[in-house]
Amino acid sequence: GEDVEQSLFLSVREGDSSVINCTYTDSSSTYLYWYKQEPGAGLQLLTYIFSNMDMKQDQRLTVLLNKKDKHLSLRIADTQTGDSAIYFCAERGGSQGNLIFGKGTKLSVKP
Amino acid sequence: GAVVSQHPSRVICKSGTSVKIECRSLDFQATTMFWYRQFPKQSLMLMATSNEGSKATYEQGVEKDKFLINHASLTLSTLTVTSAHPEDSSFYICSARGLEREGRTDTQYFGPGTRLTVL
């Protein structure tokens, strides 16, 4: 079945780059997403990428997609303390067109 | 991006009562809305999918008589937790699928979530 895997924790220093990795299993997924969740809050869509793209950049965020390896990554340049949150990778693949989420990567940014 | 609201943001109730949670898409029409449940430090689990004007489709293991979903209009879906018990305590998040104008891609936008605590 469909499955999305992420590492659970990442710790970086302020100003460094953060790279959050994700693997998925459904090769027919057309869209892949990154969401950010701050404590006690809902999910904020950060960015998404079409499956026919290799890279997408949006300000400090860069998404890389390796479709052959079913690997997705999110790079945050110049990471700030305000970037501390849980980041969820998701693929659109459910029978209802719903999103399948990874368990989330908790990003901690140290000053 | 599009805005989805949820109400209430937090509710505490006694065991046996029913709780209604509203999900609204504020600036777009959502033909499909999704209801997710999130346990502490865990990912989101899809509970059900609702399409405007039709019955909701529930995921395996989710009791449809326990979690009543009504999608009465293109901007409103409600989830009612009937006869709530402490094990129903959780963070409930809705999302609405709308059209991303710039990319012409339908994207899911999430509400801020509702924290339900059943005593």
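Chain naming here is simple, since letters A, B, ... match the order of the sequence lines and numbering starts at 1 in each.
Remark: S84(A) OG to E14(A) CD distance equals 9.0 Å, nearest 0.5 Å.
Contacts between Q37(A) and chain B at a heavy-atom distance below 4.5 Å involve the side chain alone, from C-beta outward. When heavy atoms are compared at a cutoff of 4.5 Å, Q6(B) does not approach chain A at all. In this structure, the portion of F88(A) lying under 4.5 Å from any heavy atom of chain B is its side chain and not its backbone.
For the pair R97(B) and F34(B), the minimum side-chain heavy-atom distance is below 4.5 Å. Put simply, the side chain of L116(B) reaches to within 4.5 Å of the side chain of V118(B), judged on heavy atoms.
Residues C22(A) and V4(A) share a closest heavy-atom pair of SG-CG1, 3.5 Å.
Chain A forms more heavy-atom pairs under 4.5 Å with one residue of I93(B), T32(B), L44(B) than with any other, namely L44(B).
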